[in-house]
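These notes concern the structure reproduced below.
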Amino acid sequence: MSVRVRFAPSPTGFLHIGSLRTALYNYLFARHNGGSCILRIEDTDRTRFVEGAIEEQIASLAWAGITFDEGPHVGGNHGPYTQSERFDLYREYGMKLVENGTAYYAFDTSEELDAMRLRQQSAGIAPKYDRSAMRNQYTLGEEETRRLLDEGAAHVIRLKVPLHQDVRFSDIIRGEVIVNGREIDDQILLKSDGFPTYHLANVVDDHLMEITHVIRAEEWLPSTPKHIILYQAFGWEPPTFAHVPLLLNPDRSKMSKRHGDVMVKDFIRKGFFPDALVNFVSLCGWNPGSDNEFYSMQDLVNSFTLERVNKAGAVFDYQKLNWMNGEYLKQRDPQDLARELHPVLVERGFNYVDPTFVAEVIALVRERVTFVADIAEFADYLFGDALVPLSAEAQAMLDGNDKISSALDTFRKGLDASVIADADSFKGLAQRSAESVGLKSGALMKPLRLVLTHREVGADLFRTVQLLGLERCLSRLDAFTSHS
RNA sequence: GCACCGUUCGUCUAGGGGUUAGGACACCGCUCUUUCACAGCGGUAACACGGGUUCAAUUCCCGUACGGUGUACCA
């Protein structure tokens, strides 16, 4: 039987970075095994539905290079892939369980349930549906149940959990997990609005869609026994489970927006490369047992196995992600990067944005920044004529320093096309200019950089001068001279 | 509270009965250098604790501690 996995988000908001990783692991596992990766939308909670969320999540996944073989957007033989479109199915399967005695009607109001939990809490026992004390099919009797149903009373259908039975399943990542039946709640399967809960819909769909491996976040581990019971109740073979560890905040709690950006769209907006993000995220909780840290999507597909997924949660290290993006930045084709940077430059109103020129600037400065867009700020003096104001320290260094002024003046007089064309000529001129006032050439470089770029740090000054061009260099030197 | 899951440098991790416990990010230092960065070299830094089992345990077992997740008519 060929592998079939699914990624099953709910359309309640933007795609979370943790979800991206879960989707990625599903995708990698499917590709690695020549199987299918299915997208299923779990929108059974009508109150939490967010307009446009499905589209956003699919787009974020696609941005990362994660595509699906079946799903609401691409079709397939096991559709529909949106649970709200499968509404009737769940009722039908829920009723099968009522008929075979593994599920039952319950009529309790939420107030009654709250009261029950309160009672249990104060009695110091675990909150759990009390089948023998609440208002349900068993306590009310067949006749009364029938009557309530006939008169259209609000009701739910609950799973009848076998009390005296250990539930066990094998998780690829965790190993054998055993839970005592008495710990498991009589989960609601069908809500009073007729919609299924996650638990029912999930099991029914995974079975009907012939899912072989359920790869999902660790937060689902505690409810997996319910799902196993559900499979048993239906008489179905459960899929293989693999619960992947959580992505964590620095304080080791479940990763949330409290500590920084967590939505994929935030990472896109910040300018991360999709392959850098995918590379980084794949290594949060998994590694192929090698010291190499750089993997293309194809590399990941080739080496991914669930057996090498870690058990413990991983703190999401933004700093290391930045580093990795910088590494990708250094390997990208400058021409491609120029295309990406262009709109940013235009938006900032720069006028030196010829693609070839921009690519040269990128090649010069990219090892100093993390994102392509940073280059617009880092090398603004190359893209436009307006310079940022000099810092106070820079001003102090240049002001009233006769030696430097004089050396700069000498430099300006000697600057011509031939100097700009050749690094040695440039260095020679700088040296002569400096020595003319008894300075070392190094002592002139900083003032020169300040005058030409208004920045204290930057890339190689000769290359910078070259890219600036003679005209701009002269006019900036002149502007300095006329001020001093 | 109860259930489940987890625990190797600050972080991501490799490893696994006998190792100088390896790599990466970050940090510190040196080299290079016109600055910053890159690169190169070097450094600080970890097996949560207690019992077993064993000739030997960081590695296997059991506890404890700590942490996380779950405990909804949410997923």
Side-chain angles (χ1 to χ4, degrees), chain A residues 8-12 42-45 47-48 83 106 108-110 113-114 117 120-121 123-128 154-158 171 173-175 177-180 182-185 187-199 201-202 216-225 243 245-246 248 250-254 280 283-294 308 310-324 326-327 330 365-369 378 427 430 434 440-450 453 455-462 464:
Chain A
S10 11
T12 54
E42 310 220 321
D43 59 346
T44 52
D45 185 354
T47 62
R48 294 208 304 158
Q83 290 185 330
D108 316 280
T109 64
S110 46
L113 291 169
D114 288 345
R117 287 190 198 100
Q120 293 167 329
Q121 224 162 38
I125 54 177
K128 183 167 173 279
H155 65 277
V156 300
I157 287 170
R158 283 183 182 270
D171 185 288
I173 297 167
R174 318 271 150 191
V177 180
I178 303 168
V179 179
N180 192 306
R182 102 175 72 84
E183 308 291 348
I184 304 167
D185 205 359
Q187 188 59 235
I188 288 179
L189 265 18
L190 283 164
K191 308 182 232 181
S192 54
D193 65 2
F195 272 80
T197 56
Y198 167 84
H199 306 283
N202 176 259
R216 72 214 324 186
E218 188 186 354
E219 55 200 331
W220 292 109
L221 200 49
S223 54
T224 304
H243 287 93
L246 263 18
L248 272 25
D251 67 1
R252 306 204 75 89
S253 57
K254 191 159 76 170
F280 177 76
L283 261 15
C284 287
W286 171 86
N287 84 90
S290 149
D291 279 347
N292 179 23
E293 297 199 273
F294 294 96
R308 289 200 68 90
N310 286 134
K311 293 173 165 67
V315 173
F316 193 87
D317 188 347
Y318 291 92
Q319 203 167 29
K320 188 163 183 177
L321 171 59
N322 283 341
W323 162 79
M324 181 157 276
E327 292 300 303
K330 279 183 268 179
V365 307
R366 62 168 157 183
E367 69 204 26
R368 281 151 232 266
V369 298
F378 186 86
K427 280 172 190 158
K440 289 225 163 102
S441 82
L444 179 61
M445 288 301 193
K446 190 163 189 182
L448 189 53
R449 181 185 297 283
L450 284 172
T453 72
R455 305 268 179 163
E456 311 198 16
V457 303
D460 177 76
L461 194 52
F462 169 66
T464 302

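Proteins come first, then strands; the chains are lettered A, B, ... in the order of their sequence lines, and each starts at number 1.
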With rounding to the closest Å, how many angstrom separate the [atom1] atoms on [N] and [M]?
N: rC41(B); M: rU34(B); atom1: P; answer: 22 Å
N: rG22(B); M: rU44(B); atom1: P; answer: 11 Å
N: rU7(B); M: rC61(B); atom1: P; answer: 12 Å
N: rC5(B); M: rU11(B); atom1: P; answer: 24 Å
N: rA26(B); M: rA46(B); atom1: C1'; answer: 15 Å
N: rC62(B); M: rG6(B); atom1: P; answer: 12 Å
N: rC28(B); M: rU69(B); atom1: C1'; answer: 38 Å
N: rA24(B); M: rU33(B); atom1: P; answer: 25 Å

Selected nucleotide, minimal atom distance to [X] side chain, candidates [options]:
X: Arg252(A); options: rC73(B), rU69(B), rC12(B); value: rC12(B)
X: Leu113(A); options: rC4(B), rA75(B), rC73(B); value: rC73(B)
X: Ala126(A); options: rG1(B), rG67(B), rA75(B); value: rG1(B)
X: Asn310(A); options: rA14(B), rC4(B), rA75(B); value: rA14(B)
X: Ala312(A); options: rC73(B), rG6(B), rA39(B); value: rG6(B)
X: Lys254(A); options: rU34(B), rU11(B), rU69(B); value: rU69(B)

Subject >> Position toward the 5' end of RNA chain B (nearest nucleotide), Lys128(A) or Gly285(A) >> reply: Gly285(A)
Original post:
Start at the 5' end of RNA chain B and walk down; is the nucleotide closest to Ser253(A) or to Ala459(A) reached first?
Top reply: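 Between the two, 5'-proximity favours Ala459(A).
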Original post:
Does a salt bridge link Glu456(A) with Arg449(A), judged by any charged N lying under 4.0 Å from a carboxylate O?
Top reply: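 No, no charged N to carboxylate O under 4.0 Å.
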**OP:** Quick one: do Asp45(A) and Arg48(A) satisfy salt bridge (charged side-chain N to carboxylate O under 4.0 Å, His left out)? Show the steps, please.
**Re:** CA-CA 6 Å; Asp45(A) 185 354; Arg48(A) 294 208 304 158; 3.4 Å; yes
With a 4.0 Å cut-off on heavy atoms, is [X] in touch with a base, just the backbone sugar-phosphate, or nothing at all?
X: Leu461(A); answer: base
X: Glu456(A); answer: base
X: Arg174(A); answer: sugar-phosphate
X: Thr12(A); answer: nothing
X: Ala154(A); answer: nothing

[N] phosphate, OP1 or OP2: any side-chain N/O from [X] under 4.0 angstrom?
X: Lys311(A); N: rC4(B); answer: no
X: Thr197(A); N: rC74(B); answer: no
X: Arg158(A); N: rA72(B); answer: no
X: Lys440(A); N: rU34(B); answer: no
X: Asn287(A); N: rU13(B); answer: no
X: Arg455(A); N: rU34(B); answer: no

Pairwise N/O distances under 3.5 Å, protein to nucleotides 24-26 of chain B:
{"from": "rA24(B)", "atom 1": "O4'", "to": "Glu293(A)", "atom 2": "OE1", "distance (Å)": "3.0"}
{"from": "rA24(B)", "atom 1": "O2'", "to": "Glu293(A)", "atom 2": "OE1", "distance (Å)": "2.3"}
{"from": "rA24(B)", "atom 1": "O2'", "to": "Lys320(A)", "atom 2": "NZ", "distance (Å)": "3.3"}
{"from": "rA24(B)", "atom 1": "N3", "to": "Lys320(A)", "atom 2": "NZ", "distance (Å)": "3.0"}

Original post:
Do Ser110(A) and rC73(B) share a donor-acceptor pair, side chain to base, under 3.5 Å?
Top reply: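 No, the side chain and the base share no sub-3.5 Å donor-acceptor pair.
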Original post:
Looking at Tyr318(A) versus Phe280(A), is the centre-to-centre ring distance below 6.0 Å?
Top reply: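 For Tyr318(A) and Phe280(A), the ring centres are not under 6.0 Å apart.
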**OP:** Check salt bridge (charged side-chain N to carboxylate O under 4.0 Å, His left out) between Lys254(A) and all other residues, then give those that pass, not counting sequence neighbours.
**Re:** Glu219(A)
Residues 187-194 of chain A, side-chain donor-acceptor partners within the protein, below 3.5 Å, at least two apart:
{"from": "Lys191(A)", "atom 1": "NZ", "to": "Thr44(A)", "atom 2": "O", "distance (Å)": "3.1"}
{"from": "Asp193(A)", "atom 1": "OD1", "to": "Phe195(A)", "atom 2": "N", "distance (Å)": "2.8"}
{"from": "Asp193(A)", "atom 1": "OD2", "to": "Arg46(A)", "atom 2": "NH2", "distance (Å)": "3.1"}

